[in-house]
Undergrad: 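The structure under discussion is supplied below as structure tokens; questions concerning it will follow.
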Amino acid sequence: MAGLALFLLACLPVPGHAEQREQLEPLRLDATSSFRARSLDGRSQAFHDATGLLTREQVASASHQQQFKTVEGVFNGGYARGAWWVRFQIQASPEQIAHPLEGGWWLRLNAPYADYIDVWWPDGTDDADGASGGFTHRALGGMRAASTRELPWSIPAVRLPDLPDTEPRWVWVRLAGDRSLTLAGGVSPLREQAVVQQELDYVDAAVAGMVLLMAVVSLMMGIALPDRRFIAYAGYLLTLALVFGSSEGLPASLWLQNHPLAAVRLHNFAVCLHSAAAFGFARVLLDMERQFPRMNRVFQVMTLVCLAACALAMAGWYGRIARPLNLMWVVFAACIVPMCAVALRRNIQAWPGLVGYAIYLLMGVVHFAKNLQWVPYTLATQSSYAIGSILHIMAFFFALGWRVRHRERRALSLSRRHRARLAQRVNERTLDLRQEITKHQRTHDQLALALREQRGLLAMVSHEFRTPLGTIGGAAQILADDRLGLVREEVKKEAEKISRTVLRMRDLVDTLLADEWLDASSDNLCLVPVELAGFLREKIEEHSEGIGGGRISLHLGARELPVLADETLLHIALDNLLTNAIKYAPPHSPIVVRAGIRRGHADGIPKKGEDTVPGVYIQVCDEGPGFMPHDLSHVFERFYRAAGTRRIPGIGLGLHMVHRVATVHGGSVAASNGAGKGAVLTLTLPLLGSAEESEARGTHDAVALDQGGCR
């Protein structure tokens, strides 16, 4: 496809310079003639100086004058090395000689991409052939500062002198530069010159403004959706606006008047950057990475080449890359349309993109073929780029909007299908959940029945254990009784072993029964007011017999310690606390029991893990091994025993039962280590009513408890 397009373009007639005519029609300085009659179209001759070193005098010699060819239409030199010389004649009308025009006549030289424009016109003293007399010279062009011009506008213009007669005189123009060399223009009064400049500025401003507005809208839509196609399109439009804003000599005439080199290189850079943006946008719009993977790699390479061309353009080497860059544009336009047609066969939604790139192909071929001198330079070819740009960016914007609309419709359709599917799945899941709930309820009922049967079995087994254990214990006591006179020393020793074993088994059974009974009665408490001071004295007297005798001391922090509790559960909790201290403390070491009223932060600083709600505390302190740091968070778990206490009798239910009792009463229990050594267990129960504070001694003990426990 690309080769066919290049072949057809090559077959187009080249607008060469026609054979020299015997008589060239001059430009008449006549205010009554039309604007077109005073233009250069078909009234100029051109000569190519390949060396670019000839002077005006040399070009005006007879040997070179024979090489000038008449230009059909507007002069178009394309990308040529050296320089182009263009000459034409001017002639004053009798009315102009009799009544000179106010403001004078101005020569308009519209060569927007020429870097150097040198113009010579007669000062009115030369003859008709321009062989004698003087010439006035002006240096114009993109590489010359606009501030030195007579009119600092984007269209170069010079004022012509008042001619003394009606004889035609020659005007010489030299064009040189790295960009496309064209020349249009004519002679106009000052007012007409201002109108032409104003129309050109309006067109450039309108096109650039519309492109910038669409770029901003595309960028906002790309961020809001989000959609990378809109963002790529915004970048493409921004570079296109930069091309329009930097062409026609606008930067040099507006804000770079004294920096012509920067203005020219800005335009060259904009052309290269826009080329890279065009390749990148095409890749995104057609989704080449998925649909055309091979062409995607080709376009990636072209994008990188255009980006490298940006650096070359800024370095001043645009003249070396201008022709290949134009050819690349033509090839790009010829390749992209068939790709759009292929995409259209796969997806009908791609037709706006096909229309946009078809316009782009026509615009690019005409514009760059004009730059390459393959088609004539006319008003249509000159305006093709601006008109095609407007049409194709509107087509691309419509293509992107059509894509968004299609995506919304597809999303709405998917949403409806998903909603119907979700409703079906919700109904199915609801039915499954109801079935699972029914199964779980059935399982729960079966588990509750099994637990009741287990508790009944355990109670029965425990009861059956107690009967033989009582018989064994009674027999062992009889055997160990010295008053019978029947016991030898060995029999007495074995009988004592039987008694100890029976006691241990009885404690084990009692503990199991107590734990099961606690589970059964936790929801059916019998709460009564209990005065803990007397209750603690009774419990300490019970445990003072045997190995606990004389070891346990009681310190009260208040005269009255009223609580609302279940007495049976309170017995279990205190028995386990005291038994735990007696079991793990060294023989004959003291055990301290402290009790008082804690009223929160106002009365002291609570220890970590202790409750700060006002209540009655009971603290048991011993001088045993205490707790290891990693055991503190597990001591209240069922059947948990520390690694260093496995040889001491027990099954790990005592502190768990204390925790259960505290929980069902709305209190708490905490474990910690004392300031010196030993374990500190603090049971806190809610305070019943108000109680008077203890005497000074008791208060001191309470504060000492809150600040560090037993010592």
Side-chain angles (χ1 to χ4, degrees), residues 500-501 503-508 510-512 514-515 536 539-555 571-596 598 605-611 617-663 667-684 701-702 704-711:
R500 288 195 301 271
T501 304
L503 290 175
R504 182 176 178 183
M505 293 181 67
R506 183 179 298 168
D507 291 341
L508 177 60
D510 289 341
T511 301
L512 290 173
D515 186 49
L536 287 173
K539 297 307 297 181
I540 291 175
E541 289 179 1
E542 292 179 8
H543 288 271
S544 293
E545 301 177 358
I547 60 175
R551 300 173 59 189
I552 306 174
S553 60
L554 176 63
H555 300 274
H571 276 289
I572 294 175
L574 292 178
D575 285 339
N576 279 283
L577 287 175
L578 295 174
T579 302
N580 186 78
I582 295 171
K583 183 189 301 183
Y584 291 102
H588 309 296
S589 63
I591 298 174
V592 179
V593 178
R594 299 180 182 275
R598 176 184 290 115
I605 302 175
K607 294 178 64 176
K608 182 179 179 181
E610 293 182 349
D611 201 347
Y617 65 84
I618 304 170
Q619 192 172 68
V620 180
C621 309
D622 60 55
E623 296 183 359
F627 301 104
M628 297 297 292
H630 59 272
D631 292 328
L632 287 173
S633 59
H634 303 285
V635 294
F636 298 109
E637 295 178 2
R638 189 193 298 262
F639 302 118
Y640 179 82
R641 302 200 71 199
T645 61
R646 301 296 171 82
R647 296 183 179 181
I648 301 176
I651 59 174
L653 280 175
L655 294 182
H656 171 72
M657 295 172 65
V658 175
H659 180 266
R660 290 289 306 278
V661 171
T663 302
S668 63
V669 62
S672 61
N673 292 314
K677 61 178 181 177
V680 178
L681 293 169
T682 306
L683 172 63
T684 304
D701 291 340
L705 166 70
D706 288 339
Q707 294 180 346
C710 300
R711 300 182 182 179

Undergrad: For Gly654 and Asn576, work out which heavy atoms get closest and say how close.
TA: CA-OD1, 3.1 Å
Undergrad: So, do His543 and Asp575 sit near enough that their side-chain heavy atoms are less than 4.5 Å apart?
TA: yes
Undergrad: Less than 4.5 Å apart, any side-chain heavy atom of Val593 and any of Leu577?
TA: no
Undergrad: Looking only at heavy atoms, which two atoms of Ala573 and Val661 are closest? And how far apart?
TA: CB-CG1, 3.9 Å
Undergrad: State, to 0.1 Å, how close Ala585 and Asp622 come at their nearest heavy-atom pair, and which atoms those are.
TA: CB-CB, 4.0 Å
Undergrad: Looking at CZ of Arg594 and CG of Leu536, how far apart are the two atoms once the value is rounded to the nearest 0.5 Å?
TA: 13.5 Å
Undergrad: In Å, rounded to the nearest 0.5 Å, how long is the span from CG of Leu554 to NZ of Lys539?
TA: 13.5 Å
Undergrad: What distance separates Glu542 CD from Ile552 CD1, expressed to the nearest 0.5 Å?
TA: 10.5 Å
Undergrad: Rounded to the nearest 0.5 Å, what's the gap from CD1 on Ile540 to CD1 on Ile591? Could you check?
TA: 10.0 Å
Undergrad: Identify the heavy atoms of Ala662 and Leu683 that sit nearest to each other, and give their distance.
TA: CB-CD1, 3.5 Å
Undergrad: Over all heavy atoms of both residues, which pair between Val635 and Leu655 is shortest? Give the atoms and the distance, please.
TA: O-CB, 3.6 Å
Undergrad: May I ask you to decide if Phe636's main-chain N or O and His656's side chain share a donor-acceptor pair within less than 3.5 Å?
TA: yes
Undergrad: Which value, rounded to the nearest 0.5 Å, describes the distance between Phe627 atom CZ and Leu632 atom CG?
TA: 7.0 Å
Undergrad: Work out which heavy atom in Glu637 is nearest to a heavy atom in Ser633; give both atom names and the distance.
TA: OE2-O, 4.0 Å
